[in-house]
Chemist: 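Have a look at the structure that comes next, please.
To find a chain, count down the sequence lines: A is the first, B the second, and so on, and within it residues start at 1.
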Amino acid sequence: MAQRGLAAYFEQYVSNYSTFLNKKALQTNFVPDQIVHRDDQIEQLGKILAPTLKKEKPSNVLLYGKTGTGKTVTIKHVTNQLLSVAEKSKAPLKVLYLNCKLKKIADTEYRLIAQLARDLNKAVPATGLPTDEVYKIFHSVIDEREQIILLILDEIDHLIKRAEDEILYNLTRINEELKQAQVAIIGISNDAKFLDNLDPRVRSSLSEEGIVFPPYNALQIKDILAYRAGMAFRENSLEAGVIEKCAAYAARDHGDARRAIELLRVAAEIAERNGTTAVSLEHIDEAEEKIERDYIIEIVATQPKQYQCITYAIIKLLHATKEPVLTGEVYDIYRQLCNRVGLRPLTQRRISDILAELDMLGIIQGRVVSKGRHGRTREISLATQQEVTNKIKQMLEEELDLT
DNA sequence: GTCAATTCACATGAAAGAGACCACGGTCTAGTG
DNA sequence: CTAGACCGTGGTCTCTTTCATGTGAATTGACGA
């Protein structure tokens, strides 16, 4: 777009008929007034949490369910209602929500506690203090007055994976040391099995109550989409079958409502950008590709240099050989690449771990195979489409300054 | 041909080091009245 | 006298390295038919 045309484009953009009425309704952090197909869970949660309004500590709860089954939305909905009643009746209730997956915020013991203290308006340095010092600060802040604190730990399984379960142990015992306040923990987990490798004491106290969120089926996703679309779009801005198609896509991989909503949002954005007034079925196909593509490219782009170097080595090697490549081969190419780029090469041990990480991220596909006399190794191939691979390659060449 | 032993090329684990970041307390320094 | 600059110490946290151990089937070579 030539610069002169930009203003004209903006003007046209503003005057353009917009498909969206309320874009927020399709964003991932939106909490709707009504939660479709989760009546049972809401009722259960409500019953469990109601005692907070009478200054009684409720049971600790654990919510299970795959991604996109409405766990987070449901708990937020329930706590919002709870808070509004508490405000009216002057019940001393505080809700702290924390997503344990967020890097640099809540993925270690220290950070978690520090973040909680910060949420209670107590400044805590990002690092430098002994961990038990932070615990003391946290205790004193909570115990300032008589109150009930609902501590919502989203993606709680990430805490276990990273550190030992000491954090959870300390948290479950926290009430014993408090005089005035009381803390109830609401854990949210994607992984139903995560309780198994937990200290038995923590397990029992953490899961006094459990609520299961089963995956949505295609029909339910359709209802959810229809509800959200009703809020987000003008009438007649969706062609027939659009919602059904989105629902079908999402139901295909384990009923993830979040993906379905995102798909619809991206499709609508594409439609809007193209200047059409309605979202069509083709837009959905396009949106699905775009989501996939953006996701991978974004991940690769934000990786550290070493990771990018390894990714590039794999792409290069696969271009040359076509076969799945092996760890040792990748390592050789990687070392050469490091020389060219001016990076200090890491040991093979580390590369092995990094390859496993790239596999987890879905950038590559690795399979550990034993080749008999020729040892055990990882067979690596790319997980992306040719077109995406080329884009990644191009991006990495710029990023790593390879000409 | 059969079978157990061997062997390869890494995978996977555990522990410890390096270096960045930060708070805190003590000491020094320069500016102020 | 005091505010601010400047150490040194001690803490967390991530990324790496080092050292050790594990692994599973192709290969080998002895053995018997």
Side-chain angles (χ1 to χ4, degrees), chain A residues 98-141 153 155 158-171 197 299-314 317-318 321 323-339 341-361 363-381 383 399-400:
Chain A
L98 204 53
N99 190 331
C100 307
K101 199 176 73 174
L102 294 177
K103 284 209 165 168
K104 309 275 179 191
I105 293 183
D107 55 352
T108 68
E109 183 168 15
Y110 181 98
R111 286 184 186 153
L112 183 104
I113 305 299
Q115 184 59 38
L116 290 177
R118 262 179 236 131
D119 285 347
L120 294 164
N121 298 323
K122 185 85 183 178
V124 176
T127 161
L129 295 183
T131 305
D132 43 335
E133 190 69 27
V134 186
Y135 263 110
K136 271 185 211 152
I137 295 175
F138 181 56
H139 277 180
S140 63
V141 178
L153 298 175
E155 319 234 11
H158 279 261
L159 283 185
I160 325 286
K161 260 174 226 160
R162 297 198 62 88
E164 0 32 307
D165 41 30
E166 221 170 285
I167 313 173
L168 292 175
Y169 181 64
N170 287 335
L171 278 177
N197 33 26
I299 288 183
V300 177
T302 53
Q303 284 305 257
K305 273 232 158 86
Q306 296 283 6
Y307 287 55
Q308 292 184 338
C309 213
I310 294 167
T311 311
Y312 188 75
I314 295 169
L317 206 51
L318 280 166
T321 60
E323 291 295 304
V325 293
L326 311 177
T327 305
E329 297 168 356
V330 173
Y331 188 61
D332 288 343
I333 301 290
Y334 158 78
R335 287 191 70 118
Q336 292 171 22
L337 216 53
C338 279
N339 273 336
V341 180
L343 226 52
R344 192 176 55 85
L346 304 176
T347 50
Q348 184 152 337
R349 173 71 187 83
R350 185 83 247 276
I351 302 308
S352 183
D353 278 348
I354 292 178
L355 285 172
E357 274 182 61
L358 290 175
D359 190 7
M360 287 279 293
L361 288 168
I363 297 171
I364 62 172
Q365 268 172 3
R367 196 161 56 99
V368 177
V369 287
S370 180
K371 292 194 171 296
R373 196 72 199 273
H374 304 293
R376 227 163 103 83
T377 183
R378 195 181 253 119
E379 275 186 357
I380 299 154
S381 51
E399 194 86 13
L400 297 170

Chemist: Assign a letter to each nucleotide of nucleotides 16-23 of chain C from its 5' end: B, base within under 4.0 Å of a protein heavy atom; S, sugar-phosphate only; -, no contact.
Modeler: BBB---BB
Chemist: Return the set of residues passing salt bridge (charged side-chain N to carboxylate O under 4.0 Å, His left out) with A:K305 (not counting sequence neighbours), or none when no residue passes.
Modeler: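 Applying salt bridge (charged side-chain N to carboxylate O under 4.0 Å, His left out) to A:K305 gives none.
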Chemist: How many whole angstroms separate atom CZ of A:R111 from atom C1' of B:dC22?
Modeler: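 Whole-Å distance recorded here is 12 Å.
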Chemist: Picking from C:dC13, B:dA11, C:dA26, which would you name as closest to the side chain of A:V368?
Modeler: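 That would be B:dA11.
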Chemist: Nearest whole Å is fine: how far is B:dC10 P from A:E379 CD?
Modeler: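 Going from CD in A:E379 over to P in B:dC10 covers 12 Å.
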Chemist: When you measure from the side-chain N and O atoms of A:T327 to the phosphate of B:dA11, is any distance below 4.0 Å, counting only OP1 and OP2?
Modeler: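 So the side chain of A:T327 is within the cut-off, an N or O lying under 4.0 Å from OP1 or OP2 of B:dA11.
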Chemist: Given atom CD of A:E357 and atom P of B:dA11, what is their separation to the nearest angstrom?
Modeler: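 So the two atoms are 14 Å apart, to the nearest Å.
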Chemist: Rounded to whole Å, how long is the line connecting atom CD of A:Q308 with atom P of C:dC15?
Modeler: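 Nearest whole value for this atom pair: 14 Å.
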Chemist: Between A:P324 and A:Q365, is there a side-chain heavy-atom distance shorter than 4.5 Å?
Modeler: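 Of all side-chain heavy-atom pairs linking A:P324 with A:Q365, none is under 4.5 Å.
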Chemist: Nearest whole Å is fine: how far is C:dG11 C1' from A:I137 CD1?
Modeler: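 Between C1' of C:dG11 and CD1 of A:I137: 13 Å.
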Chemist: If I take atom CD1 in residue A:I113 and atom P in nucleotide C:dC13, what distance separates them, rounded to the nearest angstrom?
Modeler: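 These atoms are roughly 11 Å apart.
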Chemist: Please examine the side chains of A:Y312 and A:E399, heavy atoms only from C-beta on, and report whether any two atoms are closer than 4.5 Å.
Modeler: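 Side chain of A:E399 against side chain of A:Y312, heavy atoms only: no contact under 4.5 Å found.
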Chemist: In whole angstroms, how far is the C1' atom of C:dA25 from the CZ atom of A:R373?
Modeler: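 That distance rounds to 11 Å.
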Chemist: Quick one: A:L112 CG to C:dT12 P, roughly how many Å, whole number?
Modeler: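 So the CG-P distance, A:L112 to C:dT12, works out to 16 Å.
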Chemist: With heavy-atom distances below 4.5 Å as the criterion, would you say the side chains of A:V141 and A:L116 are in contact?
Modeler: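 Result no, sub-4.5 Å side-chain heavy-atom pair not found.
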Chemist: Given side chains that start at C-beta, do those of A:Q303 and A:L358 come closer than 4.5 Å, heavy atoms only?
Modeler: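 Touching, per the 4.5 Å side-chain cut-off.
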Chemist: List for me each residue that meets side-chain contact (heavy atoms from CB on, under 4.5 Å) alongside A:E329, sequence neighbours excluded, and say none if there are none.
Modeler: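 By the side-chain contact (heavy atoms from CB on, under 4.5 Å) rule, A:E329 matches A:L317, A:V325, A:L326.
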